[in-house]
Amino acid sequence: MKHAIVIGGTGMLQEASAWLNRQGYQLSVVARNEARLASLGRILEDPEAYTPVSLDYKNTEVLREAVRNLQKKHSPADLIVAWIHSTAPGALRAVIREVDQQQSSDWRLIHVLGSSTSLEAIRQKIDVPASCAYQQVQLGFVRENSRSRWLTHREISQAVIGSMGSNNAVTVVGILEPWEERP
């Protein structure tokens, strides 16, 4: 069974997490909110293939240990979906190192980023091993009529799911400019 670890998978990425479960993945979800982790478990098609982990990923060592334990329990991660805020600058590097140490074959990282993020600057800050297919999903906003709005959780999850079916290095969801028109 393929193993997916989703970091931040109970809010905007809840639908993507549920989709991975329906696709037959052993789904491990790391999130801060225990109630949301439990809620996700109740909507899954195969709750037996779900491992919730409640922690604050800002604590890099705790996150690294959790990823290590998940891979020992299930198998090395084939897929990481990560929605990690800039308040945890070392978190993604720690996850990449831990997965790469355990994985003996190619794996994929879908990195979800906010609208104001410089994708190239982020890419340069992390050391992506050759065995990792790295993709970025940047979240923008939507113009409707004469107003702007942020993306819905469904739009975000659908974009992440779509990126899993493509080889695009970058997927932009919505629009990013003009910056002054963002909600």
Side-chain angles (χ1 to χ4, degrees), residues 2 4-47 49-58 63 77-89 91-92 95 108-123 126 133-183:
K2 292 182 183 178
I5 300 174
V6 182
I7 302 167
T10 60
M12 292 185 298
L13 296 177
Q14 180 180 15
E15 187 176 317
S17 295
W19 182 85
L20 286 165
N21 180 260
R22 287 192 306 275
Q23 300 310 303
Y25 278 85
Q26 169 59 48
L27 176 65
S28 299
V29 176
V30 176
R32 294 173 286 188
N33 188 309
E34 288 185 36
R36 282 186 173 180
L37 284 163
S39 177
L40 174 60
R42 289 190 291 275
I43 67 165
L44 295 177
E45 188 174 286
D46 184 4
Y50 171 56
T51 304
V53 179
S54 177
L55 63 82
D56 185 349
Y57 58 71
K58 291 177 194 171
L63 175 61
D78 301 287
L79 172 66
I80 301 290
V81 178
W83 172 231
I84 298 174
H85 297 275
S86 61
T87 56
L92 189 61
V95 170
R108 178 183 259 184
L109 169 60
I110 308 288
H111 189 188
V112 183
L113 298 152
S115 59
S116 65
T117 307
S118 167
L119 299 183
E120 186 54 35
I122 292 294
R123 178 66 177 88
I126 58 175
Y134 176 76
Q135 295 170 269
Q136 295 174 319
V137 176
Q138 188 167 31
L139 308 178
F141 61 94
V142 175
R143 295 266 311 139
E144 291 180 332
N145 303 319
S146 61
R147 301 187 64 183
S148 297
R149 67 169 175 80
W150 293 117
L151 298 164
T152 65
H153 290 190
R154 174 170 281 255
E155 289 167 332
I156 293 166
S157 277
Q158 289 299 316
V160 169
I161 292 166
S163 72
M164 290 181 216
S166 80
N167 292 323
N168 296 338
V170 176
T171 300
V172 175
V173 190
I175 60 174
L176 303 173
E177 295 179 346
W179 185 250
E180 61 275 2
E181 289 187 18
R182 74 188 189 289

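Residue numbers run from 1 in the order of the sequence given.
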Mind checking the CG-CD spacing from L109 to Q136? Nearest 0.5 Å is all I need. 9.0 Å
Verify whether one side chain among T51 and Q26 offers a donor that lies under 3.5 Å from an acceptor in the other. yes
Has Y57 got a side-chain atom pairing as donor or acceptor with H85's backbone, closer than 3.5 angstrom? yes
Counting C-beta onward and ignoring hydrogens, is there a side-chain heavy-atom pair between I110 and M164 closer than 4.5 Å? yes
Considering all heavy atoms of both residues, which atom of W83 and which atom of G114 are nearest to each other, and what is their separation? CZ3-N, 3.6 Å
In this structure, which one of V95, L63, I80 forms a side chain to side chain contact (heavy atoms under 4.5 Å, CB included) with V30? L63
Just so I know, are the side chains of I126 and Y134 near enough to count as touching, which here means a heavy-atom distance under 4.5 Å? yes
Report yes or no: does S39 contribute a side-chain atom to a donor-acceptor pair with the main-chain N or O of R36 at less than 3.5 Å? no
Can you name the residues that form a side-chain contact (heavy atoms from CB on, under 4.5 Å) with R149, not counting sequence neighbours? V142, E144, T152, E155
Nearest heavy-atom approach of G140 to S115 is CA-CB, 3.9 Å
For G41 and P47, which heavy atoms make the closest approach, and how far apart are they? O-CB, 3.8 Å
Side chains of I156 and L139: closer than 4.5 Å at any heavy-atom pair? yes
If we only count heavy atoms from C-beta on, is the L20 to L79 side-chain gap below 4.5 Å? yes
Side-chain contact test, heavy atoms from C-beta onward, threshold under 4.5 Å: evaluate it for L27 versus S17 and give yes or no. yes
What is the distance from atom CG of L92 to atom OG of S86, rounded to the nearest 0.5 Å? 12.5 Å
Tell me whether the count of non-hydrogen atoms from other residues, nucleotides or ligands lying under 6.0 Å of CD in E181 goes above 12. yes
So CZ of R108 and NZ of K2: to nearest 0.5 Å the spacing works out to 9.0 Å
So which heavy atom on G11 is nearest to which on H153, and how close? O-ND1, 3.6 Å
Between atom CZ of R22 and atom CD of E15, what is the distance when rounded to the nearest 0.5 Å? 7.0 Å
Say you draw a straight line from NE2 of H111 to CD of Q138; how long is it, rounded to the nearest 0.5 Å? 10.5 Å
Decide yes or no for Q14 and I43: does some side-chain heavy atom of the first lie under 4.5 Å from some side-chain heavy atom of the second? yes
V173 and A159: which non-hydrogen atoms are nearest, and at how many Å? CG2-CB, 3.1 Å
Between S157 and A16 the two heavy atoms that sit nearest each other are OG-N, 3.1 Å
With rounding to the nearest 0.5 angstrom, report the CZ to CD1 distance, R32 to I7. 12.0 Å
Look at the side chain of D56 and the backbone N and O of K58, then say whether any donor-acceptor pair between them is shorter than 3.5 Å. yes
State, with a plain yes or no, whether a side-chain heavy atom of L151 is found less than 4.5 Å away from one of F141. no
Using modelled atom types only, decide if a donor and an acceptor are shared between the side chain of Q135 and the backbone of S166 within a distance under 3.5 Å. yes
Mind checking whether L37 and Y50 have side chains closer than 4.5 Å, heavy atoms only? yes
Donor-acceptor contact below 3.5 Å, side chain N21 vs main chain E45: yes
